[in-house]
Amino acid sequence: MSKKLFVLLVILMSLSLIGIIFVQLFFINNSLEYEKKNFTFSVKRSLSLVSQAIEEYEYRDYFMKLQPYLSKDNKADSSIIKQLFVATEDEGEDKTIIHRNTVLEERFKVPSLFFEIDADSFNISKLSSERVTETYNNTSIDGIRRLDPETRLREYSSLSALDKQVYEDTFKTLLKDKPVYKRVSVAQVETLLKRELKSEGIDLNFEFAIYDDDLATKVKTENFELLDESAYGVKVFLDNNKESSYNLWIDFPERKKYLFSSILWMIVLSIIFTGIIIIAYTSAIYQLIRQRQISQIKTDFINNMTHEFKTPIATINLALDSIKNPKIISDQEKVLRYLGMIKEENKRMHAQVENVLRISKLDKNELDISKERLDVHELVEDAVTHVELIVEDRQGYVKTHLNAEHTSVLANDTHFTNVIVNILDNAIKYSDDAPKIDVYTENVGNSILIKVADQGNGMSKAVAKRVFEKFYREHTGNVHNVKGHGLGLAYVKKIVEDHQGYISVESEKGKGSTFIIKMPLIS
């Protein structure tokens, strides 16, 4: 995959993920706004019904007080009868139809003591209605016209709707100046609010108060505070002009929590699914980057391996060509020399192949590593002997500082010796001048530390973080002044971890590196 295509793919995936997140946030925000509007509508409808119920309760209360004065046993102070007659002639049927509507208004004088008004008494009118429809046949006998009744329909009612309106208008006028706390109690308002809110599906703690314009009245709960942005209000005790200075306000301290709880399941599911998408996206990007890095590393590995095999193959070919020469084949000493070169180069290639196979077996856990009780100092001294001649040939040195008192570990002789040899070999290869290497041991708690410090080229922090990765080598362009294929330190790390140990590196560019191995001791 080309770099441009890879970057384009990452950008498109990132934009898609950001788009999904924004759509989720937009959807949740719209749902919350819908819940707010629905909540506001339900609360206002409940308040409107409560306002009507308060007025209805007050009307019924005072109407019951009036009933004794409006009963049939009490005589009206005055009565007014109003009648309306309508007569129509049906010439086709030779009939006369008469409609008569009689309205009786009875006025009663009621004491004003229980209304707490200034006057001693006031008048209340009681209305009743009688409607009669009569049909007559028009007949003529001996030249004299006569009307004979045919049908008669009588209707009577007390005009309850009209009565109610009359009484309500009267009460509103009489009670307009009465203190609000004498007209309704806190308990009444609270009961009505709970009932209406419950019918709307709102089961939430609330605070309320009745205000006279901007002043709070005694009809209020203790913790109510009028905050315009969160309180809902409705007018109560409307007068005959449908106006009032009284407002019933209600506030819900836990309103936001209630609204969020109504869409909590939606938020939780959105977070879960979005989280899954983010994890999958991150994993996909990581795998893409990782695969790209592995592809690059494998390419470098193949290039390095090719470079490593090129020299021994060329040497073997030259040696074989030389042996074929009639002058050389007769010289036994030269033939043996060339055969020795072929054998050494063959061993070199075999060692590199074995190194690759060894790492492969470690990855698959197929490498059988038997462990026994060993002395770390003996392993270190054995490893140093493997590189002493090479170091001396380059006029360098390997010094040991074996200061640990307890040195027994459970390890494999061959593999752990290879670990130290690999680290020493790296210190030699990455020292441009004469290699100067110091090996230290010390005890820390129940562990032993093995430190291999060199004064070579060192490495950057970025390289130090990846130096134990398989196939990884620091990029040096087309310069191959140091041979290798990035498997040595990967092998070291695998072996150390298989021994329940830990390896790390401290390095600074141009000042050398220190590899630290920590191994558990056995008693």
Side-chain angles (χ1 to χ4, degrees), residues 3 286 289-290 292-308 311 352 355-356 359 380 383-384 386-401 403 418-442 444 449-497 501-519:
K3 186 176 181 180
Y286 174 78
I289 294 172
R290 184 67 179 160
R292 196 166 185 276
Q293 288 175 343
I294 290 173
S295 177
Q296 184 63 46
I297 289 169
K298 284 184 176 180
T299 301
D300 293 343
F301 167 71
I302 292 169
N303 291 337
N304 282 319
M305 285 293 289
T306 304
H307 192 82
E308 290 287 334
T311 302
Q352 289 177 352
N355 206 10
V356 174
I359 288 291
V380 170
V384 170
H386 283 72
V387 297
E388 271 183 335
L389 292 175
I390 301 173
V391 173
E392 289 175 3
D393 185 59
R394 291 184 56 185
Q395 289 79 46
Y397 65 81
V398 179
K399 294 181 180 179
T400 56
H401 311 271
N403 301 319
N418 286 339
V419 165
I420 302 172
V421 170
N422 265 287
I423 295 173
L424 292 171
D425 187 51
N426 269 341
I428 296 167
K429 286 196 297 184
Y430 290 97
S431 295
D432 293 339
D433 300 326
K436 299 175 182 179
I437 305 168
D438 291 277
V439 182
Y440 303 86
T441 63
E442 62 178 290
V444 178
L449 295 185
I450 306 167
K451 296 182 180 179
V452 180
D454 66 66
Q455 299 177 32
N457 301 336
M459 61 188 104
S460 65
K461 289 182 179 180
V463 174
K465 286 181 180 179
R466 302 186 59 192
V467 75
F468 295 107
E469 292 181 14
K470 189 168 59 174
F471 304 125
Y472 179 77
R473 294 188 72 225
E474 185 177 6
H475 288 287
T476 55
N478 291 323
V479 179
H480 295 277
N481 56 328
V482 178
K483 307 299 182 184
H485 36 71
L487 291 175
L489 290 177
Y491 164 75
V492 165
K493 186 172 187 292
K494 285 280 188 183
I495 294 296
V496 170
E497 288 178 350
Y502 175 77
I503 185 168
S504 60
V505 62
E506 296 174 358
S507 184
E508 188 175 346
K509 195 74 172 175
K511 294 186 178 181
S513 305
T514 301
F515 284 85
I516 304 167
I517 300 173
K518 185 177 182 180
M519 292 285 292

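Being a predicted model, the structure only gives us computed values, none of them experimental.
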> Looking only at heavy atoms, what is the nearest atom pair of Arg394 and Asp433, with distance?
Replying inline: NH2-O, 3.1 Å
> Checking side chain to side chain contact (heavy atoms under 4.5 Å, CB included) for the pair Val439/Leu424: CA distance, chi angles, key distance, verdict?
Replying inline: CA-CA 9 Å; Val439 182; Leu424 292 171; 4.1 Å; yes
> Mind checking what makes salt bridge (Lys or Arg N to Asp or Glu O under 4.0 Å) contact with Lys511, not counting sequence neighbours?
Replying inline: Glu508
> Are the side chains of Ser431 and Lys436 in touch, meaning some heavy atoms are under 4.5 Å apart?
Replying inline: no
> Where does the angle between the aromatic ring planes of Phe468 and Phe515 fall among parallel (under 30°), tilted (30 to 60°) and perpendicular (over 60°)?
Replying inline: perpendicular
>> Tell me whether Asn457 contacts the main-chain N or O of Tyr430 through its side chain, where contact means a donor paired with an acceptor under 3.5 Å.
In response: yes
> Got a donor-acceptor contact below 3.5 angstrom from the Ser507 side chain to the Thr514 backbone?
Replying inline: no
>> I'd like to check the salt bridge (Lys or Arg N to Asp or Glu O under 4.0 Å) partners of Glu392; sequence neighbours left out, ordered by chain and number.
In response: none
> Measuring from Thr400:OG1 to Ile450:CD1, what's the distance to the nearest 0.5 Å?
Replying inline: 12.5 Å
>> Run Tyr502 and Ile516 through side chain to side chain contact (heavy atoms under 4.5 Å, CB included) and show every step you take.
In response: CA-CA 8 Å; Tyr502 175 77; Ile516 304 167; over 6 Å; no
>> Set out, in order, the CA-CA distance, both residues' side-chain angles and the distance that settles side chain to side chain contact (heavy atoms under 4.5 Å, CB included) for Lys451 and His401, then state yes or no.
In response: CA-CA 10 Å; Lys451 296 182 180 179; His401 311 271; over 6 Å; no
>> Test side chain to side chain contact (heavy atoms under 4.5 Å, CB included) on Ile423 and Ile517; report intermediate values, then the result.
In response: CA-CA 10 Å; Ile423 295 173; Ile517 300 173; 3.7 Å; yes
> Is Ile437 close to Ile428 at the side-chain level, that is, under 4.5 Å between some pair of heavy atoms?
Replying inline: yes
> What heavy-atom pair brings Ile503 and Val496 nearest, and what distance separates the two atoms?
Replying inline: N-CG1, 4.1 Å
>> Please report the interatomic distance CZ(Arg466) to CE(Met459), rounded to the nearest 0.5 Å.
In response: 13.5 Å
> Sub-3.5 Å donor-acceptor pair from the side chain of Asp454 to the main-chain atoms of Ser513, do we have one?
Replying inline: yes
>> My understanding is that only one of Val492, Leu489, Ile495 makes a side-chain contact (heavy atoms from CB on, under 4.5 Å) with Asn422; could you say which?
In response: Val492
